[in-house]
Each structure stands twice: as C-alpha cells, then as structure tokens.
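To start, the structure under review is shown below, and the notes come after it.
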Amino acid sequence: MASANHESTVSTGEKKPVLMLAEFNTPGECLHAAEKVRDAGYARWDTHTPFPVHGMDGAMGLPDSKLGWIVAVMALTGFVSAAAMIWYMNVYDYPLIIGGKPPLALPSMAPVCFELTILFSAFGAVFGMFGLNKLPRHHHPIFYSDRFAAATDDKFFISIEVDDAKYDAKKTRALLESAKASHIEIIEEEVA
Amino acid sequence: MSSANAPIKEIGELPLAAEQYDFHRITEDVARITENPAPRGWWVLFLTALSLLGGLGLTLAYLFWKGIGAWGNNQPISWAWDITNFVWWVGIGHAGTLISAVLFLFRQKWRTSINRAAEAMTIFAVICALMFPGIHVGRVWLMYYPFPLPNSMGIWPNFKSPLLWDVFAVSTYFTVSLLFWFVGLIPDLATLRDRSKTKLRRMVYGAFALGWRGSNRHWQHYERAYLILAAISTPLVLSVHSVVSFDFATSVEPGWHTTIFPPYFVAGAIFSGFAMVLTLMLVVRVVFKLHGLITLKHIELMNKVILTTGTIVGYAYAMEFFIAWYSGNDYERYVFFVNRATGPYAWAYWTMILCNVISPQLFWKKSWRRSIPLTFVVSIFVNIGMWFERFVIIVTSLHRDFLPSSWGYFHPTPIDVMTYLGSFGLFFTLFCLFIRWIPVIAIAEVKGVLPAADPHHHEEHSHDDSHHEPAHGEASAEA
C-alpha cells in the first residue's frame with residue numbers, strides 16, 4: 001500500500017504524500033464511489049477511466065464544458081478573417097474584375113469564408129481542449145503508481161489530492177474503502 | 001434491457017463486438033498488432049507498396065525534368081488522368097469522414113471498430129489527391145501562387161476562381177481530418193505507452209499521448225471537442241466535394257455545366273470511399289485476425305451504404321441525361337446522347353455504368369450482402385467504376401469541344417500510368433506503416449460500446465457476470 005515510486009533510483013530529498021489512489025474493477029463501482037466522494041464535499045479529486053463513463057460528469061458534479069464558447073469565438077474569427085482577407089486582397093489592395101463581376105462579389109466569397117470558419121473552429125476545438133485540460137503534461141505524480149497503467153486498459157481509479165481541504169488520511173481511506181475500492185495506495189513525491 | 005449498450009435481441013440486434021470481448025481483451029487484440037513482429041502478409045504488402053513508391057519518386061523526378069508534356073494531355077484534353085486521379089482520391093477520403101463524423105452524430109455505434117482505419121484512409125487519400133494538382137501545375141517550384149502570400153509581383157490570388165476555393169477546401173479538409181484523427185488517437189496512444197516494454201516505445205508513444213491519464217475532467221472536454229469536431233466535419237465533408245465539383249460546374253463546358261454536380265459528387269465520393277474502406281478492412285481483418293471486432297454486421301451495414309449511394313449515383317447519371325434532353329440545348333444533347341453513350345469513349349461510359357450502377361444492386365439480397373468474396377469483388381468494381389466516372393466526366397467532355405477541328409483522343413503515356421500506380425504506392429506505404437505502429441481500431445471507443453461499459457450493467461445482473469439478457473420481468477424499474 002506504500003508508495004510505488006520504484007522509478008526514482010536516487011532518493012536524495014524527503015518524500016511527501018500527494019495523492020490517494022483508489023482502484024475499482026467496474027465502471028459502476030467507480031461511478032458510485034465518485035458520487036460518495038462528491039457528496040463528502042471533496043474539491044481536488046478526479047476519476048481515471050479507460051473510456052469516458054456515461055454519467056460520470058454528473059457523479060463528479062462537474063459543470064458543463066466551456067469549450068463551445070471557445071469554438072464559437074474562433075468560428076467568428078475565421079469567418080471575419082476570411083472576409084477581410086478577400087476584401088483587402090481583391091477589392092482594396094489590387095481590385096480584380098473577373099467575369100464582369102464587381103470586385104466585392106459576395107457569392108464567390110462564400111466557399112473560402114466557410115472553409116476558414118471551419119478551419120478556425122477546428123483549431124479552437126482541439127487546442128481549446130488542450131488548454132482546458134492543461135495538456136500536454138508529461139509529468140504527473142499519478143504515473144508513479146505501477147498499478148495506474150491499467151487506467152488505460154481495464155481498471156477504474158479515483159485520485160484525491162492530499163492538498164484537498166477535506167483530506168484526512170484515515171477518513172478518506174475509510175470513505176474509499178466503504179465505496180468498494182479494490183486497492184488503495186498513497187502516492188508520494190520527492191520534495192524538491 | 002440490462003444495459004444501454006446491450007443488443008436488443010427481440011428485434012434481432014447483434015452485439016457490436018463478439019461476445020468473448022471484455023475491456024482487457026480489446027486492449028490486447030488491438031495493441032498486439034503494434035507489438036508483435038509483423039506477419040508475412042504485411043511485409044508482402046509493404047514491400048510491394050514501397051517499390052511502387054520508389055517508382056513514383058523516379059517518375060516524378062523525370063516529370064519535373066521534362067515538364068508535363070511527358071503526359072498524354074493535349075489540347076483540347078488539358079485535364080486528363082491527373083485531375084481524374086485527384087478527384088478519385090479526394091472522393092475516397094470522404095468515407096472516412098462520413099464514418100467518423102456523420103455516423104457519430106447519428107449515434108451509429110458500429111462505427112467504432114472501423115472509424116480509426118477509415119480516418120487514416122482519409123488522410124492518406126487526401127495526401128495522394130493533393131499530389132496531383134501539385135504536379136499538374138508543371139513548374140512545381142511556383143506552387144505557392146495559389147496561397148495568399150505577399151510577393152514581389154504585388155498581386156494576390158483571385159478569390160473568384162473555383163480552383164482557388166479548391167485549394168482552401170482541400171487543405172482545410174486535410175488539416176481538420178488530421179486533427180480529428182489525432183484527437184481520437186490520444187487515449188489509445190496512452191494505452192500503448194502504458195504497455196510499453198522498451199524505453200523507446202514509452203518515450204515515443206508517451207510524447208504523442210501528451211501525458212493523457214484518462215482523467216474524467218479531461219474526458220469531459222475531450223468528448224465535447226470530439227462532438228464539435230464531428231459537427232463541423234459534417235458540413236465540411238459535404239462542402240469539399242461540392243467545391244471540387246464547382247471546378248467543373250462553374251465552367252460553360254457541356255457535360256460539366258450542371259447544377260446536379262455538388263450532391264452527385266458527394267454521393268459518389270461516399271460510394272467510392274466505402275468501397276475502399278471495405279477493400280482495405282477485408283484484407284486487414286484477415287491479415288491481423290480481427291474477425292471479432294470487424295464482424296459480418298459491419299460489412300453488411302457498409303454494403304447497405306454502398307447500395308444506397310450507388311443507387312443515388314445511378315439516379316444522377318439518369319438525371320444528367322434527362323436535363324440534357326429537357327434543356328433543348330443541342331450541345332448538351334450531343335454530349336450526353338451521342339458522344340457519351342455511343343462516342344469513342346462509350347466503352348468507358350458503359351464500364352462505369354456496369355461497375356457503379358449495376359454491381360451494387362446485388363446487395364439487395366441479404367445473404368449476398370453478407371458474402372465476403374462477393375463484397376470484395378463488388379468493392380473493387382466500385383473503385384474501378386468511380387475512377388471511370390471521373391474519367392468520363394473529364395475526358396469525354398473535353399475531347400470534343402465547340403471547335404470540331406480540334407477534336408482529339410487521349411492516349412495515356414507510361415508516365416501517366418506510372419504516376420497513377422505510384423500514388424497507390426504512396427497510399428499503401430502510409431497505410432501499412434499506420435496498421436503496424438498505430439492502433440488500427442479505436443480501443444477506447446470500442447470499450448465504450450461494450451455492454452459492460454454501462455455503469456449499471458453489473459448491478460442488474462447482481463451476481464451474474466455473463467452477458468445474458470435477464471428474463472423479461474426482471475427489467476429493473478430503477479434503471
């Protein structure tokens with residue numbers, strides 16, 4: 001149950017606990033445990049599952065994702081940039097009269113404005129998601145756990161940060177045990 | 001019902017993955033493809049493809065040295081195999097987006113076992129497609145002309161040109177497809193990272209997995225991003241082939257100047273793309289023994305899409321003739337009724353009709369839809385037929401223009417042939433590398449559609465771990 005920090009060969013500094021990690025065998029057990037942790041009032045905690053478990057957002061009490069707003073702003077930016085670009089290049093800077101049409105011909109602007117709206121929205125969705133998730137983050141104390149590799153295979157985890165105001169080594173462990181955790185460990189990190 | 005993901009047996013639904021699959025088995029079966037030594041079939045395919053790719057390199061070097069006079073293109077046939085191949089490859093790409101985006105929005109969960117490979121196919125097909133207009137410009141070092149870059153000539157691209165719309169449409173399509181594919185890959189790359197036995201694998205997969213830890217706070221934004229990408233890819237994929245069709249439809253060439261082109265091109269694109277997905281997946285499931293994940297059900301459903309889109313394409317062919325007749329325009333009538341159906345290229349036209357309109361009609365019969373050999377043969381027929389469709393549209397319309405003194409006939413040169421074969425080399429080299437190093441099936445997504453993935457699955461079964469349906473009356477009221 002102790003630290004699983006086998007990786008660090010040179011242990012120079014002191015170690016302090018940072019996370020309590022509980023393992024569950026099924027998505028259902030993990031979901032109900034998450035409901036208990038939520039109801040106990042914890043704030044700095046998370047669940048880790050190999051696939052998104054249906055209903056987990058509610059079980060954790062998470063507010064709705066704000067990503068849509070980021071994408072909406074980016075979509076508008078894309079549309080306006082495209083229109084401004086076409087106007088500047090073909091109307092203002094070097095007017096082109098093609099096929100007897102006026103330089104500012106709205107129908108012919110539609111395809112490029114549409115494509116750039118989509119392109120900017122996609123950037124907003126992907127990089128906005130990375131931003132909200134604070135990814136990439138290749139180092140995280142949770143990876144010290146050997147058992148945690150199964151979080152991308154077939155096991156389900158709840159991690160509670162030691163820094164959480166409600167955290168208490170005994171009570172938190174008891175809560176997770178009462179929620180049918182199959183294994184509980186404390187993850188320690190070296191103090192820098 | 002015991003689980004939201006369980007098949008409803010009363011209406012004859014079958015499970016999405018074979019019954020023996022649990023979460024771990026899916027990880028094993030998919031990840032082992034990237035971990036075990038490659039089977040012999042892979043090496044055969046890869047080395048063949050690599051040789052063709054080498055041939056492509058030599059051919060392109062010669063082409064750049066010589067200029068596009070090395071092709072059979074002439075006046076009036078200034079567009080020939082190059083643009084045919086471009087449209088054909090872009091069209092093939094469309095099925096990948098349809099499977100990953102449109103079927104996702106329609107909650108067609110069966111897509112999960114084929115979407116990864118189909119999206120990869122999209123990206124590689126678009127790479128092949130982009131090559132053709134790239135080399136068709138002749139002076140490839142001037143390829144930056146269509147991009148809105150400040151230059152010493154002080155001029156800008158002409159945004160009223162459909163060819164420029166195409167540049168924006170196809171490059172946006174490529175970028176968005178790549179992003180969509182990568183987002184889908186992140187959790188699976190993390191799976192490979194966590195299974196790594198060597199440091200190199202852990203570093204490489206770990207770098208691309210971005211430190212993914214399956215956090216639900218992440219899954220929440222991730223799923224929203226996936227939904228938004230699907231929602232914007234759907235109009236995107238419809239726009240891309242519509243814009244490709246504008247290259248033709250906005251001209252005044254009889255045979256091209258047709259308002260039915262955008263929907264007709266989109267249907268044809270999906271048709272050809274599904275055929276290519278089938279061709280590829282039928283091979284992949286045999287070489288890598290994935291029969292339990294890519295089941296007969298998937299093949300049957302894809303054959304239904306082939307039947308539907310093939311019939312739509314047949315309708316479009318008929319409608320082109322009807323409108324040509326109904327317009328009363330002599331040139332239109334000549335191009336369709338005289339030249340296309342009975343002219344020097346009639347052989348190409350009737351090959352197209354046989355492959356695209358007649359061959360998919362076999363799939364009205366259920367047992368034929370579920371026949372692997374027949375599916376394979378028809379998928380090849382459709383691939384051929386759809387190439388001929390673009391050939392018929394481009395070359396047949398161009399070879400007899402308004403000035404009979406310049407009428408001609410197109411003869412491909414060996415460089416034409418080798419460039420086309422070489423594009424297969426490029427495509428299959430990339431595809432082989434993909435199936436060898438990247439999870440070919442979306443691991444996390446397939447897990448998510450197993451009956452056991454429903455959090456309420458185990459409760460209602462109480463002590464019973466088997467996947468059997470409870471008797472009718474047992475259906476729990478609290479569900």
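Below, chains carry the letters A, B, ... as their sequence lines are ordered, and counting in each starts from 1. These numbers come from a predicted model, not from an experiment.
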Criterion side-chain hydrogen bond (donor to acceptor under 3.5 Å, both in side chains) on B:Asn216 and A:Asp46, from CA distance to verdict: CA-CA 7 Å; B:Asn216 193 62; A:Asp46 210 338; 5.8 Å; no
So which atom in [X] and which in [Y] form the shortest heavy-atom distance, rounded to 0.1 Å?
X: A:His54; Y: B:Pro455; value: O-CG, 3.2 Å
X: B:Lys160; Y: A:Ala105; value: CE-CB, 3.8 Å
X: A:Met89; Y: B:Pro157; value: SD-CD, 4.5 Å
X: B:His221; Y: A:Ser65; value: ND1-OG, 2.8 Å
X: A:Ala125; Y: B:Ala225; value: O-CB, 3.7 Å
X: B:Arg193; Y: A:Phe143; value: NH2-CE2, 3.5 Å

Looking only at heavy atoms and a cut-off of under 4.5 Å, which of [options] has the most pairs with chain B?
options: A:Ile98, A:Thr152, A:Asp57; answer: A:Thr152
options: A:Ala82, A:Pro103, A:Gly55; answer: A:Pro103
options: A:Ile70, A:Asp64, A:Leu31; answer: A:Asp64
options: A:Thr117, A:Val53, A:Leu96; answer: A:Leu96

Name the option with the most non-hydrogen atom pairs under 4.5 Å to chain A; the candidates are [options].
options: B:Val243, B:Thr175, B:Leu236, B:Asn158; value: B:Asn158
options: B:Pro235, B:Pro187, B:Ser161; value: B:Pro235
options: B:Thr250, B:Thr27, B:Thr191; value: B:Thr191
options: B:Tyr226, B:Phe159, B:Phe246, B:Tyr222; value: B:Phe159
options: B:Ile228, B:Ile443, B:Val446; value: B:Ile228

Non-hydrogen atoms of chain B under 4.5 Å away: do they reach the side chain of [X], the backbone, both or neither?
X: A:Ile142; value: side chain
X: A:Asn90; value: side chain
X: A:Trp87; value: neither
X: A:His140; value: side chain
X: A:Phe130; value: side chain
X: A:Pro63; value: backbone

Working for side-chain contact (heavy atoms from CB on, under 4.5 Å), residues B:Arg217 and A:Met60: CA-CA 9 Å; B:Arg217 291 177 195 272; A:Met60 287 180 68; 3.9 Å; yes
Would you say [atom1] of [X] has more than 12 non-hydrogen atoms from neighbouring residues, nucleotides or ligands within 6.0 angstrom?
X: B:Leu105; atom1: CG; value: yes
X: B:Phe208; atom1: CZ; value: no
X: A:Phe79; atom1: CZ; value: no

Are [X] and [Y] close enough that some pair of their side-chain heavy atoms sits under 4.5 Å apart?
X: B:Trp212; Y: A:Pro136; value: no
X: A:Ile118; Y: B:Val176; value: yes
X: A:Asp153; Y: B:Asp194; value: no

Counting distance only, does the side-chain N/O of [X] pair as donor-acceptor with the main-chain N or O of [Y] below 3.5 Å?
X: B:Arg224; Y: A:Lys66; result: no
X: B:Lys447; Y: A:Pro52; result: no
X: B:Trp219; Y: A:Pro50; result: no

Can you tell me how far OG of B:Ser215 sits from CZ of A:Phe157, rounded to the nearest 0.5 angstrom? 13.5 Å
Could you give the distance from CG (A:Asn133) to NE2 (B:His218), rounded to the nearest 0.5 Å? 4.5 Å
For side-chain contact (heavy atoms from CB on, under 4.5 Å), just list the numbers for B:Leu210 and A:Arg137, CA-CA rounded to whole Å, side-chain angles, deciding distance to a tenth of an Å, and then say yes or no. CA-CA 6 Å; B:Leu210 306 178; A:Arg137 177 178 175 182; over 6 Å; no
Indicate whether the side chain of A:Asp93 and that of B:Trp156 have a donor and an acceptor atom separated by less than 3.5 Å. yes
Between B:Arg195 and chain A, which part of the residue has a heavy atom less than 4.5 Å away: side chain, backbone, both or neither? neither
Aromatic centroids of B:Phe23 and A:Phe51 separated by under 6.0 Å: yes
